[in-house]
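Order of the sequence lines fixes the chain letters, A, B, ..., with proteins taken first and strands second; residue numbering starts at 1 for each chain.
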Number of protein chains: 2
Amino acid sequence: MDDQLRIENQLCFSIYALSKEFTKLYNLFLKDMNVTYPQYLVLLVLWEKNKLTVKQLGENLLLDSGTLTPLLKRMEDADIVKRERSKEDERKVLVSLTSKGMEMREKAEKIPVCLAEKLGLSPEQFQKKLDENRELLSKILEVAES
Amino acid sequence: MDDQLRIENQLCFSIYALSKEFTKLYNLFLKDMNVTYPQYLVLLVLWEKNKLTVKQLGENLLLDSGTLTPLLKRMEDADIVKRERSKEDERKVLVSLTSKGMEMREKAEKIPVCLAEKLGLSPEQFQKKLDENRELLSKILEVAES
DNA sequence: TATAATTAAATTGCACACAATCAAATTTAC
DNA sequence: GTAAATTTGATTGTGTGCAATTTAATTATA
């Protein structure tokens with residue numbers, strides 16, 4: 001009767017489980033780079049955009065300062081990123097890569113290739129999933145507003 | 001050139017973001033029930049299966065005892081679940097619902113209906129996503145083995 | 001030009017999440 | 001029958017993740 005409350009029928013749970021297992025899998029790949037999965041996400045953004053404020057980084061990753069500040073401090077301790085107050089607006093903290101952080105990109109480039117292969121997803125399937133997830137995310141963010 | 005490392009093209013990130021936003025949305029719905037999203041997942045399993053060991057609960061939710069033990073203790077403090085050592089095998093701890101926990105099901109029944117409506121997914125679309133996520137999850141778990 | 005409102009990070013407190021380890025009970029192999 | 005291996009939870013330590021608050025800096029406004 002009440003299949004709607006069965007855990008197996010929860011879209012949220014299927015995504016929750018996927019996210020956790022994806023994170024675990026990535027952490028395996030990232031182990032020899034000595035970064036965690038959320039730290040890797042920060043690197044992805046910085047490889048692309050060079051220098052951002054904490055706020056901008058948070059907008060890119062959907063994370064707030066309560067998460068990012070300690071995470072970035074750990075990355076700073078590991079000499080992967082640099083944090084500096086903006087001269088123009090001292091409320092802002094600019095985050096950028098150290099040379100070590102930049103060099104890590106090379107190792108990272110192997111990950112998507114390796115993973116796509118292991119998961120056996122064609123580029124078309126991959127793109128389709130990406131598009132569908134983006135659409136669902138925008139719907140959720142929309143609902144959360146109201 | 002290196003689109004493969006763009007954050008926007010990461011399947012893992014789209015799922016990571018979805019999971020976090022789904023959790024936030026659910027937490028809104030769950031606020032007046034005084035449970036968190038992972039606690040709600042425990043309730044879903046127990047409404048379905050009545051009484052399980054911590055181990056079995058973990059198999060259903062893909063969580064380990066390091067996560068479940070403190071979570072269940074909080075639920076026990078809130079008088080939502082009962083924890084008791086098995087008589088046959090004292091290594092096992094049986095988790096079951098209190099009457100309060102059972103009664104919470106009524107409120108929960110409104111959530112999936114309300115949410116499906118707000119997200120505007122047809123039953124077919126919903127089921128398709130569910131199936132695709134299950135398939136991807138099994139692939140990831142498979143890769144993680146090897 | 002003070003003062004109010006806003007903005008950006010940091011801090012605090014709480015709740016997961018998991019790896020690694022430990023302790024206790026049970027199973028097994030000999 | 002007992003030592004070794006396994007199973008099950010609990011514990012510890014580290015790292016997110018977020019709501020709520022605080023602090024400092026900037027901007028708007030009367």
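- For the pair B:Lys55 NZ and C:dT26 C1', the computed distance is 14 Å after rounding to whole Å.
- Straight-line distance from the CZ atom of A:Arg85 to the P atom of C:dA8: 13 Å, rounded to whole Å.
- Across the protein-nucleic acid pair, A:Asp64 atom CG and C:dA15 atom P stand 17 Å apart, rounded to whole Å.
- Applying side chain to side chain contact (heavy atoms under 4.5 Å, CB included) to B:Phe13 and the options A:Asn133, A:Leu61, A:Leu44 leaves one that passes, A:Leu61.
- Within the 4.0 angstrom heavy-atom criterion, base atoms lie near A:Thr67.
- Distance B:Asp89 CG to C:dA24 C1': 11 Å, rounded to the nearest Å.
- Judged by closest nucleotide on DNA chain D, B:Lys92 is the one of B:Lys31 and B:Lys92 placed further toward the 5' end.
- Other residues, nucleotides and ligands contribute only 12 or fewer heavy atoms inside 6.0 Å of the NZ atom of B:Lys92.
- Within the model, atoms CG of B:Leu141 and CG of B:Leu62 stand 6.5 Å from one another, a figure rounded to the nearest 0.5 Å.
- Between the side chain of A:Ser65 and the base of C:dA10, a donor-acceptor pair under 3.5 Å is found.
- Relative to the side chain of B:Leu63, the nucleotides C:dC18, C:dA10, C:dT6 differ in distance, and C:dC18 lies closest.
- The pair B:Glu76-B:Lys82 does not meet the salt-bridge criterion, since no charged nitrogen lies less than 4.0 angstrom from a carboxylate oxygen.
- Spacing between atom NZ of A:Lys73 and atom C1' of C:dA10 amounts to 7 Å, rounded to whole angstrom units.
- Between A:Glu90 and A:Arg85 no salt bridge is recorded (no basic side-chain N to carboxylate O distance below 4.0 Å).
- Heavy-atom contacts of chain A under 4.0 Å fall on DNA chain D between two terminal nucleotides, which in 5' to 3' order are D:dG15 to D:dT26.
- We find that CG of B:Leu71 is positioned 16 Å from P of C:dC14, with the value rounded to whole Å.
- Dashed line: the shortest gap from a side-chain N or O of A:Arg83 to OP1 or OP2 of C:dA10 is under 4.0 Å.
- As judged by a 4.0 angstrom heavy-atom cut-off over every strand, A:Gln56 is placed among residues making no nucleic acid contact.
- The shortest distance between the side-chain N/O atoms of A:Tyr37 and the OP1/OP2 oxygens of C:dA17 is not below 4.0 Å.
- In this structure, a donor-acceptor pair under 3.5 Å is present between the side chains of B:Gln127 and B:Asp131.
- Applying the 4.0 Å criterion to OP1 and OP2 of C:dC14, one finds that B:Arg74 has every side-chain N and O outside that range.
- A straight line from CG of A:Leu57 to C1' of C:dA9 spans 13 Å, rounded to a whole angstrom.
- Per the geometry, CD belonging to A:Glu88 stands 16 Å off C1' belonging to C:dT7, to the nearest Å.
- Remark: A:Thr53 is not in phosphate contact with C:dA8, judged by side-chain N or O atoms under 4.0 Å from OP1 or OP2.
- Between A:Glu8 and B:Arg134 there is a salt bridge, with a side-chain nitrogen of the basic residue lying less than 4.0 Å from a carboxylate oxygen of the acidic one.
- Annotation: of the two residues near DNA chain C, A:Lys20 and A:Pro70, the 5′-most nearest-nucleotide partner is A:Pro70.
- Residue A:Leu62 is classed as a sugar-phosphate contact, given heavy-atom separations below 4.0 Å to backbone atoms only.
- At C:dC16, one or more side-chain N or O atoms of B:Thr36 fall inside 4.0 Å of OP1 or OP2 (strictly under the cut-off).
- Between B:Ile111 and A:Leu5 the shortest side-chain heavy-atom distance does not fall below 4.5 Å.
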